[in-house]
Amino acid sequence: MAGSVQAVCNSASPEIDFSYFGGAESFTEGKRSPRRTTVVSSSETDDGVSYPGPPQDPTDFLWIMTEEPHRSRRMAIMKAHPEVTKLMGYEPLTKYVVLAVVSLQLYLALYLRHTHPLSFRFLFIAYAVGGTANQNLFLAIHEITHNLAFKGINANKVLAVFANLPIAVPYSAAFKKYHLEHHKHLGVDGIDTDLPTNFELLCLNNVLGKTFFATFQIFFYALRPGIVRMQTPTRWHLYNLVIQLLFDYILVRTFGVRPLLYLLFSSFFAGSLHPCAGHFIAEHYVWDGLNQETYSYYGPLNILAYNVGYHNEHHDFPSVPWTRLPALRALAPEFYDIIPSHPSWPMVIVNFIRDKEVGIFARAKRIEKNNKAKHENSSSDRE
């Protein structure tokens, strides 16, 4: 049969006899995009080359009924490697890195105060240096959120407010509560505000929509939490707001609006089509037909991003600081080397936009336990 099909395909006749192809209407029908994730060590369930599962339905999210995987893997690793606890605890280096990056951004903001905001030099520095620096500060605040810069809680919160200054918009206090809920309730609809909404699924589920999302994703991450799950303000929200507004006011009054524009441009580029911004999509979007919720990246951009690419490791052990995440992976290769990971953050953005098998829909969601119990009870009552 294979020989007959080959003969038909190679026939000199320009007309193709589709009766040989079981109802197919083109030779590209059913063809999948190349696999995007890789594994360090192949296993019986995943050889790192073939697809672990069929494409996801693009009309809805991936609804799963199982518990998030990080708690069970954490327990298994602690049983196999009890010495993992030695990797936990705060990292004194963090505060010095924060001070250096904040100083760099303030220096560049003042350096460009006489440069037109739409000039090539202004925009290039804001993208290449400022975007990278503010992405670093985003992730510094992420690290500090887990109390990994100091032993004390208040010292960490003060450092987070300080790291927030070059970002130009107050967010460190609000981020902490939302991010801790993201860890405790990973993928839970209505609680984990990292998840896209149904509105985003409806409006952005195509190439144009995905391009818009990837370009302006900083606004989605800034605005979505307040729409999905509003917080009750605390005194730290007030401190963060007042100190940031006072800083912005003094900066504009003393040096004009351009330094502030540089910082705002830097924050926008940090969450837009920037190589380091690939981590936003890489971390939890579902790829290659996998039912996997979290993906790591082990490439060189981790140097600029507090090793946030070690994302499975981070979710498994959020008390291990950024400097020791590579050691955590090296300690338990039998757990981490078999998990599919991304080889490139920039290509994650490119593939997210162009691949039909991934999009806004490619997120794993689960129902909140209380709502799940109510649903099951109502179903049993009807029976």
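Just so it is clear, the model here is predicted, and its values are computed rather than measured.
When only modelled atom types and interatomic distance are considered, K176 and N147 share a side-chain donor-acceptor pair under 3.5 Å. Checked by atom type, the side-chain pair T145/H142 shows no donor-acceptor distance below 3.5 Å. Residues H342 and S296 have side chains that never bring a donor and an acceptor to within less than 3.5 angstrom of each other. Side chain to side chain, Q244 and N240 fail the donor-acceptor criterion of an N or O pair below 3.5 Å. The closest side-chain donor-acceptor pair between R229 and T193, if any, does not fall under 3.5 angstrom. At a cut-off of 3.5 Å, with distance as the only test, a side-chain donor of E200 or T197 sits close to an acceptor on the other residue. Side chains of H70 and T294: a donor-acceptor N/O pair is present below 3.5 angstrom, by distance only. No hydrogens or angles considered: a donor-acceptor pair under 3.5 Å links the side chains of H279 and E283. When only modelled atom types and interatomic distance are considered, R73 and N312 share a side-chain donor-acceptor pair under 3.5 Å.
Shown here is R354, whose CZ atom has more than 12 heavy atoms of other residues, nucleotides or ligands within 6.0 Å. Atom CD1 of I303 is surrounded by 12 or fewer heavy atoms from other residues, nucleotides or ligands within 6.0 Å.
Taken to the nearest 0.5 Å, the CG atom of N206 stands 11.5 Å off from the CD1 atom of I353. Expressed to the nearest 0.5 Å, how far OH of Y298 lies from OH of Y336 amounts to 8.0 Å. Put simply, OG1 on T215 and CZ on F268 are 7.0 Å apart, with the number rounded to the nearest 0.5 Å. We find the CD1-CZ distance between I141 and F138 to be 8.0 Å, quoted to the nearest 0.5 Å. Atom-to-atom distance recorded for Q292:CD and D46:CG is 8.5 Å, nearest 0.5 angstrom. Put simply, CG on N302 and CH2 on W322 are 11.0 Å apart, with the number rounded to the nearest 0.5 Å.
Between R258 and P117, the closest heavy-atom pair is NE-CD, 3.7 Å. A330 and P333 get closest at one heavy-atom pair: O-CD, 3.2 Å.
The aromatic rings of F269 and F265 sit perpendicular, their planes meeting at an angle over 60°, well past the 30° parallel limit. Ring geometry, F213 versus Y221: the interplanar angle falls from 30° to 60°, so the pair is classed tilted. Ring geometry for F120 against F124 counts as parallel: the plane angle stays under 30°, on a 0 to 90° scale with 60° as the upper cut. Relative ring orientation between H182 and H315 is described as perpendicular, the plane-to-plane angle rising above 60° on a 0-90° scale split at 30° and 60°. Between F335 and H81, the ring-plane angle classifies as perpendicular under the 30° and 60° cut-offs. Using cut-offs of 30° and 60° for the angle between ring planes, the H183 and H314 rings count as perpendicular.
Counting heavy atoms from C-beta outward, Q231 and Y178 have side chains that approach closer than 4.5 Å.
A salt bridge does not link R363 with D60: none of the charged nitrogens is closer than 4.0 Å to a carboxylate oxygen. Salt-bridge check for R366 with E293: passed, with a basic side-chain N closer than 4.0 Å to an acidic carboxylate O.
The cationic group of K365 lies under 6.0 Å from the six-membered ring centre of F61 and within 45° of the ring axis, placing it in a cation-pi geometry.
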| field | Audit row: F220, F216, ring pair (Phe, Tyr, Trp, His ring centres under 6.0 Å) steps and yes/no | value | CA-CA 7 Å; F220 288 89; F216 299 100; 8.1 Å; no

| message | Using the rule given for salt bridge (Lys or Arg N to Asp or Glu O under 4.0 Å), can you reason through R329 versus D337, listing the C-alpha separation, both sets of side-chain angles and the distance that settles it, and then say yes or no? | response | CA-CA 8 Å; R329 182 195 177 200; D337 286 356; 3.5 Å; yes

